[in-house]
Undergrad: 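This is the structure I have questions about; it appears just below.
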Amino acid sequence: MSDSADGRAVVRIVETEAYVPGDAASHACRGKTPRNGIMFGRHGHAYVYFIYGSHFCLNVTSEPAGIGGGVLLRAAEPVSGIDLMRTRRPGSADRDLARGPGRLAAALGVDRAHDGTDLCAPGSLWLAAPLRPAPPPATSVRIGLTKEAHRPLRFFERGNRFVSGPASLNR
DNA sequence: AAGAAGATTCGCT
DNA sequence: GCGAATCTTCTTA
């Protein structure tokens with residue numbers, strides 16, 4: 001969930017991708033740098049980075065302090081604050097408000113200012129308990145990577161129409 | 001100091 | 001389905 005001066009936006013995460021220690025595709029694979037420093041901090045914090053000159057991606061750090069790792073939030077189902085999300089993503093169909101990592105960050109109003117936020121504490125951006133029970137996530141290879149994409153580290157809710165990626169991966 | 005690559009999205013054909 | 005847009009960051013010279 002995210003709070004801002006414009007209101008609150010709530011989504012249900014339906015797709016994630018993991019970047020584990022020793023992973024050539026991870027931003028952490030070449031050691032700690034100014035950009036990825038948050039990944040080497042404690043788990044449960046936001047790692048936000050700017051990509052392709054126009055988009056932000058939101059990750060949750062996943063490893064103990066000193067070890068670089070994280071989980072990219074790839075897609076989410078809008079739950080409330082939908083009008084606010086439409087404002088942030090003009091021209092987008094409701095299904096596409098948060099379907100994709102850059103879209104998800106935009107819908108929640110996430111930018112560099114959220115880098116390092118503790119997602120388990122009250123604030124402008126945080127994780128809450130599941131809104132409804134869900135079956136165990138399905139698994140697939142990762143999307144959009146040029147290295148180690150074959151690893152089965154993408155997790156998604158099977159059958160949910162807010163999941164991104166080609167249909168062939170979502171079975 | 002310069003260059004290439006990148007966990008993407010959108011619009012056009 | 002394909003390619004441009006756009007800029008930050010790290011790597012290499």
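Computed from a predicted structure; not experimentally measured. Atoms considered below: every heavy atom in the structure, side chains included; atoms not considered: hydrogens, waters and symmetry mates. So you know, we letter chains A, B, ... as the sequences are listed, proteins then strands, and number each from 1.
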Undergrad: Within the sub-3.5 Å range, which N or O atoms of nucleotides 3-7 of chain C have a protein N or O partner, and how far apart are they?
TA:
from: C:dT6; atom 1: O3'; to: A:Gly53; atom 2: O; distance (Å): 3.4
from: C:dT6; atom 1: O2; to: A:Tyr52; atom 2: O; distance (Å): 2.4

Undergrad: In Å and rounded to the nearest 0.5 Å, what is the CG to CG distance from A:Leu72 to A:Leu145?
TA: 9.0 Å
Undergrad: Can you tell if the side chain of A:Val71 reaches within under 4.5 Å of the side chain of A:Tyr19, non-hydrogen atoms only?
TA: no
Undergrad: Relative to A:Phe162, does A:Arg12 satisfy both conditions: NZ or CZ under 6.0 angstrom from the six-membered ring centre, and within 45 degrees of the ring's axis?
TA: no
Undergrad: Between A:Arg161 and A:Asn170, does any side-chain donor sit less than 3.5 Å from a side-chain acceptor?
TA: no
Undergrad: Is there a side-chain contact between A:Glu157 and A:Pro135, using heavy atoms and a 4.5 Å cut-off?
TA: yes
Undergrad: Taking OP1 and OP2 of B:dT8, is either one under 4.0 Å from a side-chain nitrogen or oxygen of A:Arg74?
TA: yes
Undergrad: Which stems does DNA chain C form, counting runs of 3 or more consecutive Watson-Crick or G-U wobble pairs with both distances under 3.5 Å?
TA: B:1-6 with C:7-12, B:8-12 with C:1-5
Undergrad: Is A:Leu104 close to A:Arg74 at the side-chain level, that is, under 4.5 Å between some pair of heavy atoms?
TA: no
Undergrad: Tell me: CG of A:Asp96 to C1' of B:dT8, nearest whole Å?
TA: 14 Å
Undergrad: Is there side-chain contact between A:Leu108 and A:Ser4, with heavy atoms separated by less than 4.5 Å?
TA: no
Undergrad: Can you find a side chain N or O atom of A:Arg99 that sits less than 4.0 Å from OP1 or OP2 on B:dT9?
TA: no
Undergrad: Please name all residues satisfying ring-ring contact (aromatic ring centres under 6.0 Å, His included) with A:Phe50, sequence neighbours left out, ordered by chain then number.
TA: A:Phe56
Undergrad: Checking A:Arg35 against A:Tyr49: charged group under 6.0 Å from the ring centre and within 45 degrees of the axis?
TA: yes
Undergrad: Expected output is a numbered-order residue list: members of residues 23-40 of chain A with a heavy atom under 4.0 Å from any atom of DNA chain B. What is it?
TA: A:Ala25, A:His27, A:Met39
Undergrad: Run A:Thr61 and A:Arg42 through side chain to side chain contact (heavy atoms under 4.5 Å, CB included) and show every step you take.
TA: CA-CA 7 Å; A:Thr61 61; A:Arg42 289 183 42 237; 5.9 Å; no
Undergrad: With a 4.0 Å heavy-atom cut-off, tell me which residues in residues 148-171 of chain A come close to DNA chain C, sorted by residue number.
TA: none
Undergrad: Going by heavy atoms closer than 4.0 Å, what residues in residues 102-114 of chain A are next to DNA chain B?
TA: A:Gly102, A:Arg103
Undergrad: Can you tell me how far the CG atom of A:Leu119 sits from the CE atom of A:Met1, to the nearest 0.5 Å?
TA: 12.5 Å
Undergrad: Strictly below 4.0 Å, N to O, side chains only: are A:Arg99 and A:Asp96 in salt-bridge contact?
TA: yes
Undergrad: Would you say A:Glu77 and A:Asn160 make side-chain contact, with heavy atoms under 4.5 Å?
TA: yes
Undergrad: Tell me whether A:Glu148 contacts the main-chain N or O of A:Ala24 through its side chain, where contact means a donor paired with an acceptor under 3.5 Å.
TA: yes
Undergrad: Check A:Val163 against A:Ala75 and note the closest heavy-atom contact, atom names and distance.
TA: CA-CB, 4.3 Å
